[in-house]
Amino acid sequence: MRATSTETATPKLAAEVAHIVATTPVSDIHTHLYDPAFGPLLLWGLDELLVYHYLVAEAFRYLDMPYDTFWALSKTQQADLVWEKLFVEHSPVSEACRGVLTVLQALGLDPRKRDLKALRRWFAKQKTANYITRCLDLAGVRQICMTNSPFDPVERPLWEKGFARDDRFTAALRIDPLLLAWGDTAPALTRWGYAVGVSLSGKTISEVRRFLEDWTRRIRARYLMVSLSPDFDFPADTFAARLLEQAVLPHCRDAGLPMALMFGVKRQVNPSLKLAGDGVGLSRISALENLCARFPDTKFLATALARENQHELCVTARKFRNLHVFGCWWFTNVPSLIEEITRMRLELIGLSVTPQHSDARVLDQIIYKWQHSRQIIARVLTGQYAALQRAGWTVTREEIRRDVRDLFGGAFDRFCRGS
Ligand code: HDL
Ligand code: ZN
C-alpha cells in the first residue's frame with residue numbers, strides 16, 4: 001500500500017504545519033450568525049446546538065412520531081429527544097453529533113455524565129457578551145461574515161433603525177428572493193418605495209439597482225450572495241438570469257464587490273422537515289463558466305453543494321481569475337469530503353482558494369466546525385509540503401505561515417479588494 005504523502009511527511013514538518021494551522025486566526029466568510037445587536041437572532045447554547053437542523057434531520061430517522069408532533073414540542077423537549085436518539089440510544093458518530101461533543105469538550109464540560117440538566121445549568125450561567133468572545137477565541141475566528149437579508153421581516157427593521165456595529169461581525173447581502181421569486185418580491189420592493197414592475201423595464205432595473213445600492217451601503221456588504229437550484233442556467237430567459245445580468249452584476253462591478261453563487265440546493269425536498277428539508281442536486285457549472293467569461297470585470301465567489309460538481313468547479317477556477325472558490329458547503333462539510341475537496345483544490349489551483357467557511361447557525365458551532373476543519377486542512381497541507389520536499393523544495397516556517405494566512409482569509413480579502 002503506497003504511503004500517502006502525509007504519512008511520509010517528517011514528524012517535524014507535520015507538527016509545524018499542525019501548530020501553524022491550529023493557531024492562525026481565521027476569517028469565517030459565510031455564517032448565519034448575527035451581530036450581538038440582533039439579540040435573540042444570535043443563537044447559542046446546548047439546546048440550540050442539539051436542535052440544529054442537521055441533527056433534527058438525523059433524529060427523525062429514528063422517530064416515528066408525526067413531524068408536527070415534534071414541531072409542537074418545546075425547544076428543550078426537542079433537544080431531549082435529539083439527545084436520546086442520537087447520543088444515548090446510538091453512538092453520536094455523525095459529524096454534526098461529534099461537533100456537539102467537541103464544543104462541550106472545548107468548554108471543559110464532560111458529556112460522559114450524560115446529564116443534560118447539569119449541562120444546561122452551566123450554559124444558563126453564561127453571559128452573552130463574554131460567551132461570544134470565548135467562542136471566537138476557542139475557535140480562533142477573528143472575523144465573522146453574517147448572511148443578511150433585507151427580506152427577513154425580523155432583520156430588516158433593525159438595519160433600518162440602525163445600531164452600533166460589533167466590528168467582529170461583517171455583513172453579506174443575501175438576495176435569494178430578488179432573483180428566485182421576483183413575482184413575489186417586486187410588490188415588496190414597491191411597498192418599500194422602489195418603483196418596480198414585474199416586467200424588467202429600464203425603470204425597474206434602475207430601481208432594483210437603487211435597492212441594491214441602498215442595502216449595500218446600509219449593511220456595508222462585503223459581497224452579495226444567492227443560493228441557486230441545480231437547474232439554474234446562464235444565459236437563460238429566466239428572471240434570475242436577466243436580473244443578474246441587467247441589475248445585480250452591474251451593481252457588483254460598480255460597487256467593486258464580488259457576487260457569491262452557491263450552486264446546487266434543492267429547497268424543501270421534504271417540507272415537513274422545515275429548515276432541515278433542503279436537498280442537493282447536480283448543477284450546471286457551465287452557467288458559472290458563462291458568467292465569468294461574459295463578465296470578466298466582475299468578481300465571482302462560488303461554492304457547490306454536490307460532491308460531483310467539485311472537480312469541474314476547480315477547473316473553472318483555473319480558467320477564470322475572476323472566480324474565487326470557497327468552502328466545503330453544508331452536505332460536503334464532513335471530514336471525508338473536506339479532505340478530498342481540499343486536496344483536489346490545492347492540486348489544481350494551489351493556494352488561491354478559501355478552503356472552508358463554517359456556515360454556523362449557532363455561535364458555539366464555530367468551535368467544532370473550525371477545530372475539525374483545521375485538523376483536516378493541516379493534514380492535506382502537510383502532504384503537499386512533504387511532496388514538495390521530495391521534489392527538493394523545502395518550505396520555511398514563515399512561508400507556511402504566509403500560506404495558511406492566505407487560506408484563512410488572506411486570499412479572500414485580496415480577491416475582494418481586487419488586488
Ligand atoms: O443557503 C445557505 O446559506 C445554506 O447554508 C442554508 O442556510 C442551510 O440551511 C445551512 O445552514 N447549511 O449549512
Ligand atoms: Zn449558509
Side-chain angles (χ1 to χ4, degrees), residues 27-34 38 41-44 48-60 94-100 103 139 141 144-152 154-155 169-181 219 221-230 232 240 258-281 283 301-307 309 325-335 337-338 341 354-370 372-373 412:
S27 174
D28 196 345
I29 65 164
H30 171 53
T31 77
H32 298 275
L33 301 177
Y34 287 92
F38 284 94
L41 281 183
L42 175 60
L43 305 177
W44 60 274
E48 293 297 352
L49 288 168
L50 289 171
V51 300
Y52 180 40
H53 68 75
Y54 290 30
L55 284 97
V56 168
E58 203 182 319
F60 265 113
S94 73
E95 179 62 4
C97 287
R98 180 170 72 99
V100 175
V103 170
V141 169
I144 290 267
C145 195
M146 303 181 278
T147 298
N148 303 107
S149 170
F151 306 98
D152 180 319
V154 178
E155 187 177 354
F169 291 77
T170 58
L173 182 57
R174 185 68 175 254
I175 58 170
D176 291 33
L178 180 79
L179 292 178
L180 310 179
I219 72 173
R222 297 174 67 189
Y223 59 87
L224 277 71
M225 62 190 305
V226 64
S227 64
L228 298 166
S229 64
F232 171 77
M259 181 69 209
L261 304 170
M262 304 167 80
F263 289 88
V265 52
K266 266 199 282 198
R267 292 292 176 190
Q268 297 300 283
V269 296
N270 180 356
S272 303
L273 283 174
K274 297 186 181 216
L275 199 54
D278 299 328
V280 58
S283 295
L301 303 168
T303 196
L305 197 48
R307 177 192 190 189
N309 277 138
V325 170
F326 74 94
C328 294
W329 183 29
W330 199 346
F331 303 118
T332 63
N333 195 357
V334 290
L337 295 185
I338 297 169
I341 293 166
T354 298
Q356 191 58 297
H357 65 272
S358 72
D359 227 329
R361 282 182 172 274
V362 181
L363 175 69
D364 336 42
Q365 290 175 336
I366 57 175
I367 297 171
Y368 90 81
K369 286 175 182 266
W370 282 107
H372 293 183
S373 288
F412 180 85

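Note that ligands are numbered from 1 as they come in the structure, with each ligand's atoms numbered from 1 the same way.
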Item to complete: Take Leu173 and Asn148 through the side chain to side chain contact (heavy atoms under 4.5 Å, CB included) test and state the conclusion after the steps.
Response: CA-CA 5 Å; Leu173 182 57; Asn148 303 107; 5.7 Å; no

Fill in: Check against side chain to side chain contact (heavy atoms under 4.5 Å, CB included), Ser27 and Phe412
CA-CA 9 Å; Ser27 174; Phe412 180 85; 5.6 Å; no

Worksheet item: Among all protein non-hydrogen atoms, which one is nearest to atom 2 (C) of ligand 1, and what is the separation to 0.1 Å?
Response: Arg174 NH2, 3.4 Å

Discussion item. Is there a polar contact, in the sense of an N or O pair closer than 3.5 Å, between Asp278 and ligand 1?
Written reply: no

Discussion item. Just to confirm my output: which protein heavy-atom neighbour is closest to atom 4 (C) of ligand 1, and how far is it?
Written reply: Trp329 NE1, 3.5 Å

Discussion item. Please check this pair: side chain of Thr303 against backbone of Phe326, looking for a donor-acceptor N/O pair closer than 3.5 Å.
Written reply: yes

Worksheet item: Which one of His30, Glu155, Arg361 satisfies the side chain to side chain donor-acceptor pair (under 3.5 Å) criterion with Thr147?
Response: His30

Discussion item. Out of Gln365, Met262, Lys369, Arg361, who is nearest to atom 11 (O) of ligand 1 when you count heavy atoms only?
Written reply: Arg361

Practice prompt. Walk me through it: do Glu95 and Asn333 pass the test side chain to side chain donor-acceptor pair (under 3.5 Å)?
Written response: CA-CA 8 Å; Glu95 179 62 4; Asn333 195 357; over 6 Å; no

Discussion item. I need the NE2(His30)-the Zn ion (ligand 2)-OD1(Asp359) angle, rounded to 10 degrees.
Written reply: 90°

Worksheet entry | Identity and distance of the protein heavy atom lying nearest atom 13 (O) of ligand 1 | Tyr54 OH, 2.4 Å

Worksheet item: Do Arg267 and ligand 1 have an N or O pair less than 3.5 Å apart?
Response: yes

Discussion item. Return the closest protein heavy atom for atom 9 (O) of ligand 1 as residue, atom name and distance.
Written reply: His53 NE2, 2.9 Å

Response to the item:
Here the atoms of ligand 1 under 4.0 Å from any heavy atom belonging to Asp359 are 5 (O), 12 (N), 13 (O)

Worksheet item: Could you go step by step and tell me if Phe232 and Phe263 meet the side chain to side chain contact (heavy atoms under 4.5 Å, CB included) rule?
Response: CA-CA 8 Å; Phe232 171 77; Phe263 289 88; 4.0 Å; yes

Item to complete: Please determine, by modelled atom types, if Gln365 and Asp359 share a side-chain donor-acceptor pair under 3.5 angstrom.
Response: no

Practice prompt. Give the numbers and elements of all ligand 1 atoms closer than 4.0 Å to a heavy atom of His30.
Written response: 3 (O), 5 (O)

